[in-house]
Amino acid sequence: MTNYDYDLFTIGAGSGGVRASRLASKYGAKVGVAEEYRVGGTCVIRGCIPKKYLVYASEYGHGFHDAKGYGWTAENVSFDWTKLIENKDNEIDRLNGIYIRNLKNAGADIFQTRAEVKDAHTVHLVDENRDITAERILIATGGTPWVDDSVPGFDLGVTSNEAFHLEKLPKHVVVAGGGYIAIEFACIFKGLGCDVCLVYRGEDILRHFDADVSVQVHTELQRQGIRVITQALFDKIEKTETGQKRVSLSTGDHIDTDMVFWAVGRKPATQGLGLENAGVELGKNGAIKVDDQSKSSVGSIFAVGDVTDRVNLTPVAIREGAAFAETFYNDNPTQMDYRFIPKAVFSQPPVGSVGYAEHEARHEFKNVDIYKTTFRPMKQILSGSEERVMMKLVVDGDTDRVLGCHIVGADAAEMIQCVAIAVKAGLKKKDFDDTVALHPTIAEELVTMREKFIPNP
Ligand code: NDP
């Protein structure tokens with residue numbers, strides 16, 4: 001028993017904070033949690049979950065068209081944005097309720113207020129204007145969309161935060177960025193019937209992925225009619241007389257649009273948290289610097305999830321939160337393993353990726369073998385769609401170990417979760433070859449790629 005109000009006080013009830021708090025509470029700690037917005041955090045309230053519902057909604061946009069080749073007539077179909085948002089919001093409310101219940105059932109106290117750190121053991125509850133002490137403080141405040149405020153008129157644009165609550169669906173959207181959120185929302189808006197233009201500052205979108213993924217996604221965006229402008233930045237955004245927004249680009253072009261969508265990255269949410277006063281060291285972008293136990297430079301202050309800017313994904317935050325609780329409240333020292341984390345971009349078609357990209361493998365291994373294929377999947381033959389699948393295995397030529405797998409195509413995210421087990425377990429290309437194909441599927445190509453890819457000289 002300590003002399004503090006709480007054994008653990010968590011700021012931020014998102015994926016990482018909730019997991020750590022629930023587990024610590026279950027292991028007998030007295031836990032308090034403060035949340036300034038809604039329990040559930042970005043993933044549940046205005047990220048992964050509502051995004052996936054918008055993805056499902058927009059897939060029907062292509063589905064009605066593709067169904068014609070299968071004999072369906074789908075005349076006069078219409079789409080109601082308000083209905084979608086209402087249904088999505090109802091589901092988010094339900095999930096929010098479950099998260100609150102789970103925390104309470106675990107025995108944690110929830111404080112619906114912004115909380116700031118006062119010192120190594122004190123948290124100030126802003127809305128209640130009082131202090132609470134804790135033996136350990138866990139910062140799990142996540143990240144927040146970043147916009148380039150050096151661009152005149154930047155505030156005429158919206159971010160993903162607002163996109164989930166638009167009053168009506170715009171006819172034309174300009175998206176800035178070439179990462180996860182930009183690509184996913186470009187596809188969502190396109191599938192729902194908007195004209196979409198994506199403006200990316202570099203040459204290759206999704207540049208952190210394998211180059212073949214980048215090329216394939218770029219091709220698929222263009223195939224579905226998304227205009228992709230590369231090597232261009234926003235110079236300014238202005239309101240036109242008709243109420244539209246005019247985006248001027250560094251290329252000299254301008255585009256008139258109904259909505260400008262910023263998707264140029266997210267930043268750790270540490271602003272105004274009082275961390276500097278408490279002596280917590282921050283790194284690039286304001287991320288909390290932590291060691292492999294998620295401990296900050298102040299021994300009693302810890303941080304998990306996007307606020308540490310390690311690998312910014314929900315399941316990682318959850319694992320980091322669990323490792324923290326196991327280590328400090330269950331006498332079970334546990335470390336997060338960051339190797340071979342599967343990733344997905346819910347573009348249309350989606351991306352699934354695990355392990356080394358080809359360029360990363362070539363940098364680290366002497367002999368790298370590549371197996372890859374692109375093909376038109378069976379479903380698209382009758383639909384008449386030109387959508388293609390790209391699959392690639394990156395293999396260590398010396399040991400035969402599969403180092404990475406990258407897929408662009410229908411159900412890529414579902415496939416990659418399973419492939420990730422094999423890749424993380426260190427299985428060899430021979431193990432893939434020895435596995436009997438499941439026919440007819442897209443995934444069977446993963447075990448039937450026999451010929452090494454030889455690049456053109
Ligand atoms: P990303 O880091 O994926 O992409 C940011 C994009 O913005 C990049 O293309 C980047 O270009 C570009 N950019 C950065 N600065 C500027 C600038 N000043 N002007 C113009 N463009 C700029 O961030 P997101 O916001 O898309 O997503 C944030 C994080 O959230 C992701 O990293 C991911 O971890 C997570 N996320 C995961 C999802 C999933 O798992 N499916 C879905 C959504 C988010 P460049 O490439 O040249 O740096």
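Each ligand, and each atom within it, is numbered from 1 in the order the structure gives.
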Worked check of side-chain contact (heavy atoms from CB on, under 4.5 Å) between M259 and V174: CA-CA 6 Å; M259 190 175 87; V174 173; over 6 Å; no

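- Within ligand 1, counting atoms from 1 as listed, the ones closer than 4.0 Å to a heavy atom of L233 are 19 (N), 20 (C).
- Close contacts of ligand 1 with L313, meaning ligand atoms under 4.0 Å from a residue heavy atom, involve 37 (C), 40 (O).
- In E184, the part holding a heavy atom less than 4.0 Å from any atom of ligand 1 is the side chain.
- Using a 4.0 Å cut-off between heavy atoms, A344 contacts ligand 1 through its backbone alone, with no side-chain atom that close.
- With ligand atoms numbered from 1 in the order given, ligand 1 contributes 41 (N), 42 (C) to contacts under 4.0 Å with heavy atoms of K51.
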E220 and R223: CA distance, side-chain angles, deciding distance, salt bridge (Lys or Arg N to Asp or Glu O under 4.0 Å) verdict: CA-CA 5 Å; E220 291 294 341; R223 187 192 52 73; 2.7 Å; yes

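- Contacts with ligand 1 closer than 4.0 Å are made by no heavy atom of I205, backbone or side chain.
- Neither the backbone nor the side chain of F234 comes within contact range of ligand 1; no heavy atom lies under 4.0 Å.
- Near A263, with a cut-off below 4.0 Å to any heavy atom, the atoms of ligand 1 are 5 (C), 6 (C), 7 (O).
- Neither the backbone nor the side chain of C48 comes within contact range of ligand 1; no heavy atom lies under 4.0 Å.
- Not a single N or O atom of V345, backbone or side chain, sits closer than 3.5 Å to an N or O atom of ligand 1.
- With salt bridges taken as basic N to acidic carboxylate O contacts below 4.0 Å, none links D309 and R266.
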